[in-house]
J.: 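Sharing a structure with you now.
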Amino acid sequence: MNGKTVLVTGSSRGIGRAIALQFAREGYRVAVNYYDSPDALPETNQANLQQAEDVLQEIEAAGSNGMLVGADVSKPVAAQSMVDKVAKEFGQIDVLVNNVGINKDQLLLRISDAEWEDIISTNLSSAFYCSRAAVKYMMKKRYGRIINISSVVGIGGNAGQVHYAASKSGLLGLTFSIAKEYGARGITANVIAPGFIQSDMTAGFTEEQKAKMLSGIAVGRLGTPEDVANAAAFLASPGASYISGQLIRVDGCLSSL
Ligand code: NAP
């Protein structure tokens with residue numbers, strides 16, 4: 001154990017899970033956030049809890065320990081109480097990884113107000129709620145690492161993803177501003193922009209779509225959740241203490257976005 005703690009939002013599967021496990025391997029105590037909401041069906045909440053429990057077992061198998069925190073982080077009260085709960089249990093939140101994200105590809109003309117609100121509150125407002133809550137604890141210790149998971153489409157935009165891209169661009173401004181506001185308090189904030197990463201989010205792509213994507217990736221393969229996790233762990237490491245307000249693309253040198 002390295003005496004440090006991390007909270008990873010949306011870490012019951014995909015990239016968030018890989019980040020949680022990477023931090024566990026590096027000796028962090030890990031708080032695994034999974035989606036849990038009074039608005040969801042009880043069986044959905046139960047299935048998410050089960051997935052999160054599996055991640056906690058893997059964290060323990062990696063020689064670390066942690067806790068589970070169910071919350072819908074797109075809701076301000078739920079996000080705040082989740083952060084408070086983790087800080088109370090761990091005594092401190094050293095690293096916050098705002099990883100939660102959803103997409104629902106749709107053309108601009110067909111995006112409903114409800115879909116826009118859903119994407120923005122889940123992908124962008126959640127990071128604001130969690131960062132605001134965590135910074136309070138980080139300031140007291142004069143130490144903190146905030147890592148936000150954006151996307152390459154937040155830099156270049158993408159047809160069919162107006163709402164998703166807008167939420168991911170918003171994370172850039174959020175991150176850079178936190179970095180400037182809290183740098184003097186020992187808190188760094190950085191943003192990772194993954195390219196095409198193999199996860200449930202990209203599982204629906206056809207072979208034809210995958211081949212097209214691959215043709216634009218210089219390193220010749222899709223990314224893995226572990227590729228993103230390695231970058232997150234680096235940004236939290238002592239060697240990255242002078243890196244703040246930065247954007248790191250983890251995209252294998254993707255030329256199209
Ligand atoms: P994923 O496999 O769909 O996993 C998303 C995770 O977030 C799930 O655990 C999900 O929980 C959780 N979640 C969603 N809404 C939530 C909420 N309101 N409160 C709490 N948890 C919530 O996605 P991923 O591919 O790992 O993506 C992780 C991040 O990377 C996202 O921000 C995504 O935009 C970004 N990203 C991904 C790619 C890619 O190619 N995969 C590329 C660029 C950026 P449930 O299990 O309940 O759904």
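Predicted, not measured: the structure shown is a model, and the values here were computed from it. One-based numbering, in listed order, for ligands and for the atoms of each.
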J.: Taking atom 36 (N) of ligand 1 as the point of reference, which of Phe196, Tyr164, Tyr35, Phe205 owns the nearest heavy atom?
T.: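 Looking at heavy atoms only, Tyr164 sits closest to atom 36 (N) of ligand 1.
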J.: What I want to check is whether the side chains of Asn190 and Ser244 have a donor and an acceptor closer together than 3.5 Å.
T.: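 Note: Asn190 and Ser244 side chains miss the donor-acceptor criterion.
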J.: Have a look at ligand 1 and work out which part of Pro194, if any, has a heavy atom under 4.0 Å from it: side chain, backbone, both or neither.
T.: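 Both backbone and side chain.
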J.: Only heavy atoms of Gly195, strictly under 4.0 Å: list the atoms of ligand 1 that pass.
T.: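 Within the 4.0 Å cut-off of Gly195, ligand 1 contributes 38 (C), 40 (O), 42 (C), 43 (C).
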J.: With a 4.0 Å heavy-atom cut-off (strictly under), which part of Asn33 contacts ligand 1: side chain, backbone, both or neither?
T.: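 Just the side chain.
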J.: Below 4.0 angstrom from a heavy atom of Asp200, which ligand 1 atoms are there? Numbered from 1 as shown, please.
T.: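 Within the 4.0 Å cut-off of Asp200, ligand 1 contributes 2 (O).
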J.: So which heavy atom on Val97 is nearest to which on Val6, and how close?
T.: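 In terms of heavy atoms, the two residues are closest at CG2-CG2, 4.1 Å.
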J.: Could you list which atoms of ligand 1 come closer than 4.0 Å to a heavy atom of Gly14?
T.: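 Under 4.0 Å from Gly14, ligand 1 has these atoms: 2 (O), 26 (O).
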J.: Run the salt bridge (Lys or Arg N to Asp or Glu O under 4.0 Å) check on Asp227 and Arg221 step by step: do they pass?
T.: CA-CA 12 Å; Asp227 289 322; Arg221 66 169 176 86; 2.8 Å; yes
J.: Once side-chain contact (heavy atoms from CB on, under 4.5 Å) is applied, do any residues pair with Asn230, and if so which ones, sequence neighbours excluded?
T.: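 Result, side-chain contact (heavy atoms from CB on, under 4.5 Å) vs Asn230: Gln22.
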J.: Regarding ligand 1, does Ser11 bring an N or O atom to under 3.5 Å of one of the ligand's N or O atoms?
T.: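 Checking ligand 1 against Ser11, no N or O pair falls under 3.5 Å apart.
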J.: When only distance counts, is Tyr34 in polar contact with ligand 1, meaning an N/O pair under 3.5 Å?
T.: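 N/O-N/O distance below 3.5 Å does not exist for this pair.
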J.: Just to confirm my output: which protein heavy-atom neighbour is closest to atom 12 (C) of ligand 1, and how far is it?
T.: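 Here the nearest protein heavy atom works out to Gly10 CA, 3.7 Å.
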J.: Can you tell me if Ala71 contacts ligand 1 (heavy atom of the residue under 4.0 Å from the ligand)?
T.: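 Yes, Ala71 has a heavy atom closer than 4.0 Å to ligand 1.
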J.: Is the shortest heavy-atom distance from the side chain of Ile243 to the side chain of Phe234 under 4.5 Å?
T.: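 A side-chain contact exists here, since the closest heavy-atom pair is under 4.5 Å.
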J.: Once you round to the nearest 0.5 Å, how far does CG of Asp113 lie from CG of Asp118?
T.: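 These two atoms lie 12.5 Å from each other.
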J.: Over all heavy atoms of both residues, which pair between Ala62 and Arg25 is shortest? Give the atoms and the distance, please.
T.: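 Ala62 and Arg25 have their closest heavy atoms at CB-CG, 4.1 Å.
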J.: Where on Ser150 is there a heavy atom closer than 4.0 Å to ligand 1, on the side chain, on the backbone, on both, or on neither?
T.: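 The part of Ser150 near ligand 1 is the backbone, not the side chain.
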J.: Got a list of side-chain donor-acceptor pairs under 3.5 Å for residues 134-141, not counting sequence neighbours?
T.:
unit_1 : atom_1 : unit_2 : atom_2 : d
Tyr137 : OH     : Asp84  : OD1    : 2.6

J.: So, are Arg110 and Glu115 salt-bridged, with charged N and O less than 4.0 Å apart?
T.: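 Judged by the 4.0 Å cut-off on N to carboxylate O distance, Arg110 and Glu115 do not form a salt bridge.
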J.: Look at atom 15 (N) of ligand 1 and find which of Asp118, Val55, Ile19, Thr122 reaches it with the closest heavy atom.
T.: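 Nearest option to atom 15 (N) of ligand 1, by heavy atoms: Thr122.
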J.: For Gly16 versus Asn99, what's the shortest heavy-atom pair and its separation?
T.: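 Nearest heavy atoms, Gly16 then Asn99: CA-ND2, 3.3 Å.
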J.: Find all atoms of ligand 1 within a distance of less than 4.0 Å from any non-hydrogen atom belonging to Ser12, and give their numbers and elements.
T.: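 Listed by number with element: 9 (O), 46 (O).
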J.: Which option out of Ile15, Ile197, Leu222, Ile192 puts a heavy atom nearest to atom 37 (C) of ligand 1?
T.: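 Among Ile15, Ile197, Leu222, Ile192, the closest heavy atom to atom 37 (C) of ligand 1 belongs to Ile15.
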J.: Looking only at non-hydrogen atoms, which of Pro225, Ser167, Ser199 approaches atom 25 (O) of ligand 1 most closely?
T.: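 Minimum heavy-atom distance to atom 25 (O) of ligand 1 goes to Ser199.
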J.: Any idea which protein heavy atom is nearest atom 14 (C) of ligand 1, and the distance to it?
T.: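 Answer, as residue, atom name and distance: Ile102 CG2, 3.9 Å.
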J.: Can you tell which of Asp72, Val69, Asn123 gets a heavy atom nearest to atom 18 (N) of ligand 1?
T.: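 The nearest heavy atom belongs to Asp72.
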J.: Return yes when Lys168 approaches ligand 1 closer than 4.0 angstrom through a heavy atom, no otherwise.
T.: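 The answer is yes, since Lys168 has a heavy atom less than 4.0 Å from ligand 1.
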J.: Within less than 4.0 angstrom of ligand 1, does Ser37 place any heavy atom?
T.: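 Heavy atoms of Ser37 never come under 4.0 Å of ligand 1.
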J.: If the contact criterion is a heavy-atom separation under 4.0 Å, does Val73 count as touching ligand 1?
T.: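 Yes.
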J.: Atoms of ligand 1 less than 4.0 Å from Ile149 heavy atoms?
T.: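 Those of ligand 1 that fall under 4.0 Å from Ile149 are 29 (C), 30 (O), 32 (O), 35 (C).
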J.: Looking only at non-hydrogen atoms, find the nearest pair between Val83 and Cys130 and report the distance.
T.: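 So the two residues come closest at CG2-O, 4.0 Å.
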J.: Taking Arg13 first and then Asp54, would you say they form a salt bridge - that is, a charged N and a carboxylate O separated by under 4.0 Å?
T.: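 Here Arg13 does not pair with Asp54 in a salt bridge, since their nearest N and O are not under 4.0 Å apart.
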J.: Could you tell me the residue and atom name of the protein heavy atom closest to atom 23 (O) of ligand 1, and the distance to it rounded to 0.1 Å?
T.: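 That would be Met201 CE, 3.8 Å.
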J.: Answer yes if the side chains of Glu60 and Asn65 hold a donor-acceptor pair under 3.5 Å, and no otherwise.
T.: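 No, Asn65 and Glu60 have no side-chain donor paired with an acceptor closer than 3.5 Å.
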J.: For atom 29 (C) of ligand 1, which protein heavy atom lies nearest, and how many Å away is it?
T.: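 Checking every protein heavy atom, the shortest distance to atom 29 (C) of ligand 1 gives Asn99 O, 3.1 Å.
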J.: At the 4.0 Å heavy-atom cut-off, does Ser121 count as touching ligand 1?
T.: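 No, Ser121 has no heavy atoms under 4.0 Å from ligand 1.
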J.: Using side-chain hydrogen bond (donor to acceptor under 3.5 Å, both in side chains), reason through Asn148 and Thr175 one step at a time and then give a plain yes or no.
T.: CA-CA 7 Å; Asn148 293 325; Thr175 310; 2.9 Å; yes
J.: Give the atoms of ligand 1, by number and element, whose distance to some non-hydrogen atom of Asn48 is under 4.0 Å.
T.: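 Per the distance check, 46 (O), 47 (O).
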J.: Any non-hydrogen side-chain atom of Ile149 less than 4.5 Å from a side-chain atom of Ile19?
T.: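 Touching, per the 4.5 Å side-chain cut-off.
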J.: Can you sort out which atoms of ligand 1 are near Gly101, meaning under 4.0 Å from one of its heavy atoms?
T.: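 Within the 4.0 Å cut-off of Gly101, ligand 1 contributes 5 (C), 31 (C), 32 (O).
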J.: When you measure from atom 13 (N) of ligand 1 to each heavy atom in Asn148, Val153, Val100, which option holds the nearest one?
T.: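 Result: the heavy atom closest to atom 13 (N) of ligand 1 is in Val100.
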J.: Do me a favour and list the nearest non-hydrogen protein atom to atom 1 (P) of ligand 1 with residue, atom name and distance?
T.: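 Heavy-atom neighbour on the protein nearest atom 1 (P) of ligand 1: Arg13 NH1, 3.6 Å.
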J.: Side chains of Asn98 and Ile146: does their closest heavy-atom pair fall under 4.5 Å?
T.: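 They are in side-chain contact.
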